[in-house]
Amino acid sequence: LIVYGTSVVELILATFLLWGKELPWAFGGSILLLLGFTGVLGYFWLKGQSVESCGCFGAFGGGGGLEVTLLRNLVLIGMVVGGFLLFPEDNKSVE
């Protein structure tokens, strides 16, 4: 149920981001998901546990282990924050 629910939320967020509508909500939802995933993975990393593959990005994940996934998430968080800050203010308002 969690996997399907997360996938549906990710598809909805991607649709809004690609469509350019409801951007504050889409950016906010994206950052919340990324922070949640990063928090869980960061917890495993701090505990010294080894996670070979979290399944992130499906077939495009490329493996690389926990550190690579955490680094990728941090880059994505930076991109989401950058997208929110760089997007024109008139497109941020909810219509």
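We find the CG-CD distance between Leu41 and Gln49 to be 11.0 Å, quoted to the nearest 0.5 Å.
The hydrophobic cluster containing Leu76 does not contain Leu71, counting ILVMFWY residues as joined when their side-chain heavy atoms lie under 4.5 angstrom apart, directly or transitively.
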Throw together a table of side-chain donor-acceptor distances under 3.5 angstrom for residues 2-12, partners on residues two or more places apart or in other chains.
from, atom 1, to, atom 2, distance (Å)
Thr6, OG1, Ile2, O, 2.8
Ser7, OG, Val3, O, 2.9

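The one candidate from Leu17, Leu32, Leu85, Val81 that meets the side-chain contact (heavy atoms from CB on, under 4.5 Å) condition with Phe27 is Leu17. For the side-chain contact (heavy atoms from CB on, under 4.5 Å) with Asn73, the lone residue among Leu35, Leu33, Thr38 that qualifies is Thr38.
Across all non-hydrogen atoms, the minimal contact from Pro24 to Phe84 is CA-CE1, 4.2 Å. Shortest non-hydrogen contact noted between Ser30 and Leu13 is N-CD1, 3.7 Å.
Within the 4.5 Å cutoff, the side chain of Phe16 has no heavy atoms near those of the Leu23 side chain. Put simply, the side chain of Val75 reaches to within 4.5 Å of the side chain of Met79, judged on heavy atoms.
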